[in-house]
Amino acid sequence: MASNKKSSLSPFFPFLKIVTVIGARPQFIKAAVVSRAIQISNKKKKIQEILVHTGQHYDYLMDKVFFEELDLPQPHYHLGVGSGSHGKQTGIMLERIEAVLQKEKPGAVLVYGDTNSTLAGALAAAKLDIPIAHVEAGLRSYNRRMPEEINRLLTDHLSTFLFCPTTQAVQNLLKEGVRNGKGKIVKNVGDVMFDSILYYSKIAEKKPTILKDLDLFNPQSTIRNPQYYLATLHRAENTDDPKRLKSILKALNEIGKKAPIILPLHPRTKKMMKTYDLSPDDHRVKLIKPVSYLNMIALEKNARAILTDSGGVQKEAYWFKVPCLTLRDETEWVETVKSGWNILIGAGTRKILNGLKLIESRKSFRGERELFGHGKAGEIILHVITKHFMKVKRAAMDGQ
Ligand code: UD1
Ligand code: UDP
């Protein structure tokens, strides 16, 4: 385990030391929002954030590119865990995170989403009786065969702070008896990914050249009349099941006959396509390497429609008002489906092709962006945590 950075803050002063545990692509994006809020509010050096990277994702385009683009501070600890089976990966993370927590003795541990890094961070903290703050609490697919569902369920039930992105998430927790009070703070703070999109989509308008590089601007293709589709695929239920993977790729081949499809390939999907010897055979299905966040925003915003099994990408399609087909049998982001802007279509070839016709013919947008907050989730999270620990500190001083 390498500690590669010393904090510039005084060892005497941090009013609160928080250890943030991240490790996978979407967590870099989410954590950048709260880290920025901490840095901005930190003129009085109240909070010291120690960033721990488990190493779950490690390819440059799954990892470092996000630190560079999003100005996320370099991790204080890189645990170098890498890939492995669920038990092995989570177990090694647990052991290494525990060592960091024993050394740093933080007042709280901050975890994001539902990956193995999330669960390992939460479990390590819970065993050491350190309060956990879970960002993106309360999401449910109600499918316990999904590793993410297990991760988020356990993390929620271990957490002290449950920062929900939507009212639906608060209700989901309520159904499981997790509510505000009795040592738990449950709050709808909005979605940190929405904060991120508001912040970066302006920057993404200027910087990326990806549309040009991929030759996606042609005389018929304007922002109002985009001529390509965007797809992402990485869920185990799709990539590790050859029938589903084949069926989705067959649909992409058909769609490719209408207009090019850009598919930034997750390394898991690349690996499984090789294992099963499957790949789209139409040259208009363009398999490219994973792209940076700003490039992804540019691709999303200008797409004719998006086909995805990603949680984050479903919401981004909704925020950009791009029609979306979700290649899954259930979704945690039910608001996007209720809005009519996203159809939960599964993995059947025919269903996908019919679903695309339907979603492209829909004209009305019923959803409200405010369903995911007002772009202040990062600040609210910080405010709630700070307020709570001030109260604890005051109570301790009064008791002295
Ligand atoms: C993980 C999360 C998932 C999240 C996704 C975001 C879990 C259980 N799953 O899935 O919830 O949506 O991240 O992208 O935590 N690999 C590489 N290079 C990398 C990373 C992975 O080659 O940098 C390959 C390895 O072969 C690895 C496979 O991808 O075995 C899967 O990686 P892993 O982190 O286990 O799960 P994801 O599918 O990425
Ligand atoms: N993303 C990206 N480059 C890509 C694919 C996705 O920057 O090549 C971004 C995407 O815009 C979203 C996040 O990664 O913000 C979603 O991550 P992912 O799909 O890996 O995980 P999930 O959200 O399903 O957990």
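Every value quoted in this text rests on a predicted model; they were computed, and no experiment measured them. One-based numbering, in listed order, for ligands and for the atoms of each.
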With heavy-atom distances below 4.0 Å as the criterion, list the atoms of ligand 2 near Glu300.
11 (O)

Heavy-atom nearest neighbour of atom 5 (C) of ligand 1 within options Arg25, His234, Met146:
His234

Could you tell me whether Ser310 and ligand 2 have an N or O pair separated by under 3.5 Å?
yes

For ligand 1, which part of Glu148 has a heavy atom less than 4.0 Å away: the side chain, the backbone, both, or neither?
side chain

Establish, yes or no, whether a centroid distance under 6.0 Å links the rings of His57 and Phe28.
no

Are the side chains of Trp333 and Leu139 in contact, using a 4.5 Å heavy-atom criterion?
yes

I'd like to check which ligand 2 atoms, numbered from 1 as shown, lie under 4.0 Å from a non-hydrogen atom of Pro290.
8 (O)

At a 4.0 Å threshold, what atoms of ligand 2 neighbour a non-hydrogen atom of Ser292?
7 (O)

Considering only protein heavy atoms, which is closest to atom 27 (C) of ligand 1, and at what distance to one decimal place?
Ser83 OG, 3.3 Å

In this structure, is the centre-to-centre distance between the rings of Trp319 and Phe372 below 6.0 Å?
yes

Out of Glu316, His57, Gln27, Met62, who is nearest to atom 15 (O) of ligand 2 when you count heavy atoms only?
Glu316

Ranked by distance from atom 30 (O) of ligand 1, the top protein heavy atom is Lys271 NZ, 3.3 Å

Residue, atom name and distance, where the atom is the protein heavy atom closest to atom 39 (O) of ligand 1:
His57 NE2, 2.7 Å

For Pro264, atoms of ligand 2 separated by under 4.0 Å from a heavy atom:
8 (O)

Among side-chain atoms of Thr118 and Asp114, is any donor-acceptor pair under 3.5 angstrom?
no

Please could you name the atoms of ligand 2 that Gly311 approaches to less than 4.0 Å, counting only its heavy atoms?
22 (P), 23 (O), 24 (O)

Is Lys270 near ligand 1, meaning one of its heavy atoms is under 4.0 Å from it?
no

Should the proximity of Ser310 to ligand 1, defined as any heavy atom under 4.0 Å, be assigned to the side chain, the backbone, both, or neither?
neither

State the atoms of ligand 2, each with its element, that fall below the 4.0 Å cut-off from a heavy-atom position in His234.
18 (P), 19 (O), 21 (O), 24 (O)

Return the closest protein heavy atom for atom 33 (P) of ligand 1 as residue, atom name and distance.
Gln56 NE2, 3.9 Å

Residue, atom name and distance, where the atom is the protein heavy atom closest to atom 18 (N) of ligand 1:
Asp59 OD2, 3.0 Å

With nothing but distance in play, are any N or O atoms of Asp309 less than 3.5 Å from an N or O of ligand 2?
no

To check your reading of the model: name the closest protein heavy atom to atom 28 (C) of ligand 1, its residue, and the distance in Å.
Arg268 CB, 4.0 Å

With nothing but distance in play, are any N or O atoms of Ile29 less than 3.5 Å from an N or O of ligand 2?
no

Atom indices of ligand 1 within 4.0 angstrom of Asn116 heavy atoms, with elements
7 (C), 8 (C), 15 (O)

From the candidates Glu149, Gln89, Met62, the one that places a heavy atom nearest atom 35 (O) of ligand 1:
Gln89

For atom 17 (C) of ligand 1, closest protein heavy-atom neighbour:
Tyr58 OH, 3.2 Å

Which of the numbered atoms in ligand 1 are below 4.0 angstrom from a heavy atom of His266?
14 (O), 37 (P), 38 (O), 39 (O)

Heavy-atom pairs closer than 4.0 Å: do any link ligand 2 to the side chain of Val291, the backbone, both, or neither?
both

Starting from atom 21 (O) of ligand 2, what is the nearest protein heavy atom, named by residue and atom, and what distance separates them?
Pro26 CG, 3.5 Å

Met193, portion touching ligand 2 at heavy-atom distance under 4.0 Å
side chain

Under 3.5 Å between any N/O of Phe66 and any N/O of ligand 2: does that happen in this structure?
no

